[in-house]
Amino acid sequence: IRMLLGLLRPSSGRATIFGLDVWKQSHRIKADVGYVPGDLRLYPWMTGRNATAIVGRARGMDLSACGRELGDEFRLDPDVPVRKMSRGMKQKLGLLLALIHRPRLLILDEPSSGLDPLMQEILFTHLRRRVAEGGTVFFSSHTLSEVELLCDRVAILRDGRMVENES
């Protein structure tokens, strides 16, 4: 995942997203990628509302309407600061920030971590809808039932090498 995001240089070979080299053209790829890390860290003072504004300014877009829509879908109060959020609420905020600009590619590391079963189903429905609209979801999960529910294609990595890649 870190190589795909242009955060880590491959020791050999190369990877591409949208036909672009993930190391040399990382800045162009990131414009159309949403990412949620497995160890999501957010500023304690941040709220959904100001996080949406910050991401919107960074992307040069007004994302407030989409932020409200996603916040409603994920049942996230836009005015609660991160310091008062549960782990699941923080995860929902991270997902909202990854989805808000409607990227063509979502890279999610353990996206349902901390979410209750009802919220997991809401997330899965949202991800299926994104795929039906032509988007791509790439995610890492150790939960095989989650993989079975969502994936059209599965790759298994062991020690940094792909050992299986099947539909």
Side-chain angles (χ1 to χ4, degrees), residues 1-8 17-18 22 26-152 154 157:
I1 289 175
R2 288 180 295 195
M3 279 192 274
L4 291 174
L5 291 168
L7 302 172
L8 183 65
I17 293 177
F18 312 133
V22 297
S26 174
H27 63 286
R28 289 180 54 200
I29 294 167
K30 287 177 185 159
D32 219 1
V33 172
Y35 171 57
V36 177
D39 62 341
L40 179 63
R41 308 251 170 101
L42 298 164
Y43 293 107
W45 52 264
M46 189 176 282
T47 65
R49 191 177 312 280
N50 62 25
T52 296
I54 292 166
V55 170
R57 282 194 303 274
R59 292 192 172 276
M61 309 164 85
D62 179 3
L63 299 172
S64 56
C66 190
R68 281 189 302 275
E69 182 182 306
L70 283 168
D72 290 347
E73 184 177 356
F74 292 150
R75 299 179 185 140
L76 183 65
D77 183 333
D79 297 312
V80 173
V82 166
R83 72 178 159 271
K84 293 184 178 180
M85 290 183 179
S86 67
R87 183 169 181 241
M89 288 175 67
K90 291 175 190 173
Q91 187 71 3
K92 290 191 282 186
L93 179 55
L95 289 161
L96 180 146
L97 296 174
L99 295 163
I100 198 166
H101 64 290
R102 301 197 55 78
R104 288 191 308 172
L105 172 63
L106 286 166
I107 299 177
L108 309 173
D109 190 359
E110 303 285 347
S112 64
S113 176
L115 300 180
D116 64 58
L118 179 60
M119 193 50 57
Q120 287 178 9
E121 189 52 43
I122 290 170
L123 171 63
F124 298 164
T125 299
H126 186 93
L127 295 178
R128 286 185 198 103
R129 188 169 60 243
R130 287 288 174 106
V131 169
E133 294 168 352
T136 299
V137 177
F138 175 98
F139 78 91
S140 167
S141 178
H142 292 91
T143 308
L144 293 180
S145 60
E146 184 174 86
V147 172
E148 284 182 320
L149 279 171
L150 292 173
C151 297
D152 296 326
V154 177
L157 302 178

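Among residues two or more places apart in sequence or in another chain, the ring-ring contact (aromatic ring centres under 6.0 Å, His included) test is passed with Y43 by W45. Residues forming a side-chain hydrogen bond (donor to acceptor under 3.5 Å, both in side chains) with D116 (at least two apart in sequence, or on another chain): none. With sequence neighbours excluded, the residues forming a salt bridge (charged side-chain N to carboxylate O under 4.0 Å, His left out) with R49 are D79, listed by chain and number. Scanning for side-chain hydrogen bond (donor to acceptor under 3.5 Å, both in side chains) contacts around S140 gives D109, with sequence neighbours left out. Partners of R129 by salt bridge (charged side-chain N to carboxylate O under 4.0 Å, His left out), not counting sequence neighbours, listed by chain and number: E73. In this view, S64 and D62 satisfy the side-chain hydrogen bond (donor to acceptor under 3.5 Å, both in side chains) rule, not counting sequence neighbours. Residues satisfying the side-chain hydrogen bond (donor to acceptor under 3.5 Å, both in side chains) test with S86, not counting sequence neighbours, are none. Annotation: salt bridge (charged side-chain N to carboxylate O under 4.0 Å, His left out) contacts of D32 (sequence neighbours excluded): R104. The side-chain contact (heavy atoms from CB on, under 4.5 Å) check on V131 picks up V137, with sequence neighbours excluded. Considering only residues two or more places apart in sequence or on other chains, D152 meets the salt bridge (charged side-chain N to carboxylate O under 4.0 Å, His left out) condition with none of them.
For the atom pair OH of Y35 and CG of L7, the computed distance is 7.0 Å after rounding to the nearest 0.5 Å. Rounded to the nearest 0.5 Å, atoms CG (L5) and CD1 (I29) are 9.0 Å apart. Going from atom CD1 of I17 over to atom CZ of R28 covers 13.0 Å, rounded to the nearest 0.5 Å. Rounded to the nearest 0.5 Å, atoms CG (L127) and CD1 (I122) are 12.0 Å apart. Rounding to the nearest 0.5 angstrom, the gap separating the CG atom in L42 from the NZ atom in K90 is 8.0 Å. Atom OG of residue S113 and atom CG of residue L108 lie 12.0 Å apart, to the nearest 0.5 angstrom.
Shortest non-hydrogen contact noted between P44 and P81 is O-CB, 3.7 Å. The two residues L63 and T52 come nearest to each other via the heavy atoms O-CG2, 3.5 Å.
Residues in residues 76-96 take part in no ring-ring contact (aromatic ring centres under 6.0 Å, His included) pair, two or more places apart or across chains.
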Which donor-acceptor pairs under 3.5 Å do the side chains of residues 91-102 make with protein atoms, sequence neighbours left out?
from: Q91; atom 1: NE2; to: E110; atom 2: O; distance (Å): 3.4
from: Q91; atom 1: NE2; to: P111; atom 2: O; distance (Å): 2.9
from: K92; atom 1: NZ; to: F74; atom 2: O; distance (Å): 3.1
from: K92; atom 1: NZ; to: R75; atom 2: O; distance (Å): 3.3
from: H101; atom 1: NE2; to: V33; atom 2: O; distance (Å): 3.2
from: H101; atom 1: NE2; to: R59; atom 2: NH2; distance (Å): 3.4
from: R102; atom 1: NH2; to: E133; atom 2: OE1; distance (Å): 2.5

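L40 places none of its side-chain heavy atoms less than 4.5 Å from the side chain of R87.
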